[in-house]
Amino acid sequence: MDLRHTMKGRRAMAVVAVSTGLLLTVSGCGGGDGGDKPKAGSSSSQSDKGGGDDAQQASPTASQDQVLAEVKGENGITLTVTSAKRDQGGFVTIEGTVTNNTDNAWVAADWRGDERELSKNGASIAGASLIDQKGKKKYLILRDTSGRCLCTQFTGGVSQGATTQWFAQFPAPPAGTSAVDFQVGSMPPASIEISEG
């Protein structure tokens, strides 16, 4: 009996150690001081087919009543941005929803980006970017040390008629920059204002 309790304790300590190591690794990828950990978003649909992976099941903090921008494209896909917050760790977290108004399930194939490394993200929003028109800079989604984006993966796609939440994290533009365009796939750019987190 004592051996069983000892093994359970060791497993719990191993899980804590691995989790802490992963958290520190992901925080270090942000390019900031590592003070804040990345937020997790979720992907949920009416039929649960648009769910993200396990690391992205926490509910986003964005208010669903606030809409910063909404764009339509891709034969009935609607992208809504509900939050754009600058965090102290030197990154910006963008959150919103995507609604599938097409006649079929939607898999976000052209949203994952063209880079070979991004293909391991599967159907995701990994190909999104923030564009600072004034500063003439383009910011790509942050990645962890394995090359996976700090963004939502649309595992299983988004069912017809369903709305799914998403998030994406980017390096923060300079402090004086708040107006940026959010761009993904062939969707029109969404002009948004970054707020201080």
Side-chain angles (χ1 to χ4, degrees), residues 22-44 52-53 55-71 73 78-98 108 110-115 117-118 121 123-154 164-197:
L22 289 173
L23 178 62
L24 292 173
T25 300
V26 171
S27 294
C29 292
D33 61 5
D36 285 353
K37 65 179 183 176
K39 295 177 187 171
S42 74
S43 295
S44 61
D53 64 8
Q56 299 162 341
Q57 292 299 320
S59 296
T61 58
S63 167
Q64 295 303 318
D65 298 331
Q66 180 183 14
V67 174
L68 299 180
E70 181 175 276
V71 292
T78 302
L79 174 88
T80 304
V81 178
T82 57
S83 174
K85 292 186 181 176
R86 184 186 306 270
D87 297 310
Q88 293 177 355
F91 52 89
V92 171
T93 302
I94 311 293
E95 297 176 336
T97 60
V98 62
D110 71 333
W111 284 22
R112 70 177 180 201
D114 295 330
E115 293 178 61
E117 185 178 55
L118 293 176
N121 290 292
S124 68
I125 200 164
S129 60
L130 283 184
I131 301 166
D132 173 6
Q133 299 286 354
K134 185 178 176 184
K136 297 181 174 36
K137 289 189 179 181
K138 181 177 183 178
Y139 298 90
L140 303 178
I141 285 186
L142 294 171
R143 303 176 204 172
D144 65 15
T145 56
S146 299
R148 289 184 175 84
C149 73
L150 299 182
C151 67
T152 297
Q153 293 186 10
F154 301 107
T164 299
Q165 296 176 344
W166 59 265
F167 84 101
Q169 290 187 321
F170 300 88
T177 302
S178 60
V180 293
D181 290 337
F182 178 83
Q183 174 75 53
V184 63
S186 60
M187 298 292 284
S191 296
I192 58 175
E193 290 283 327
I194 298 173
S195 63
E196 300 298 321

pair [X]-[Y]: side-chain heavy atoms closer than 4.5 Å:
X: I94; Y: F167; answer: no
X: I194; Y: R86; answer: yes
X: F154; Y: V98; answer: yes

* Go through the structure and list residues passing ring pair (Phe, Tyr, Trp, His ring centres under 6.0 Å) with F182, not counting sequence neighbours. =>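 With neighbours one apart ignored, the set is W166.
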* **Main-chain N/O of K134 paired to D132 side chain as donor or acceptor, under 3.5 Å** =>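 Yes, the answer is positive, given that a donor and an acceptor are paired below the 3.5 Å cut-off.
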* To do: Would you check, one step at a time, whether the test side chain to side chain contact (heavy atoms under 4.5 Å, CB included) holds for W111 with T152?
  => CA-CA 11 Å; W111 284 22; T152 297; over 6 Å; no
* Passing option when R148 is tested against D144, T145, L150 for side chain to side chain contact (heavy atoms under 4.5 Å, CB included) ->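 Looking at D144, T145, L150, the match for R148 under the side chain to side chain contact (heavy atoms under 4.5 Å, CB included) is D144.
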* **Contacts of K138 that satisfy side-chain contact (heavy atoms from CB on, under 4.5 Å) - sequence neighbours left out** =>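 Testing K138 for side-chain contact (heavy atoms from CB on, under 4.5 Å), a comparison that skips the adjacent residues, returns S129, I131, L140.
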If you compare all heavy atoms of [X] against all heavy atoms of [Y], which two are closest, and at what distance to 0.1 Å?
X: A84; Y: L68; value: N-CD1, 3.6 Å
X: G96; Y: T82; value: CA-OG1, 3.5 Å
X: I125; Y: C151; value: CG2-CB, 3.5 Å

* What do the steps show when you test V92 against L130 for side chain to side chain contact (heavy atoms under 4.5 Å, CB included), and what is the final call? -> CA-CA 10 Å; V92 171; L130 283 184; 4.3 Å; yes
* Name all residues meeting the side chain to side chain donor-acceptor pair (under 3.5 Å) criterion together with S195; count only those two or more places apart in sequence or in a different chain, and write none if there are none. =>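 Partners of S195 under the side chain to side chain donor-acceptor pair (under 3.5 Å) test: none.
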* Who are the side chain to side chain donor-acceptor pair (under 3.5 Å) partners of T80, not counting sequence neighbours? ->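 Only E70 meet the side chain to side chain donor-acceptor pair (under 3.5 Å) criterion with T80.
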Rounded to the nearest 0.5 Å, how far apart are [atom1] of [X] and [atom2] of [Y]?
X: Q169; Y: E95; atom1: CD; atom2: CD; value: 8.5 Å
X: I141; Y: S124; atom1: CD1; atom2: OG; value: 7.0 Å
X: L142; Y: C149; atom1: CG; atom2: SG; value: 10.0 Å

Only distances under 3.5 Å count here; give the side-chain donor-acceptor pairs of residues 170-181 to other protein atoms, sequence neighbours excluded, each with its distance to 0.1 Å.
| residue | atom | partner | partner atom | Å |
| --- | --- | --- | --- | --- |
| S178 | OG | E193 | OE1 | 3.1 |
| D181 | OD1 | S191 | OG | 2.8 |
| D181 | OD2 | Q133 | NE2 | 3.1 |

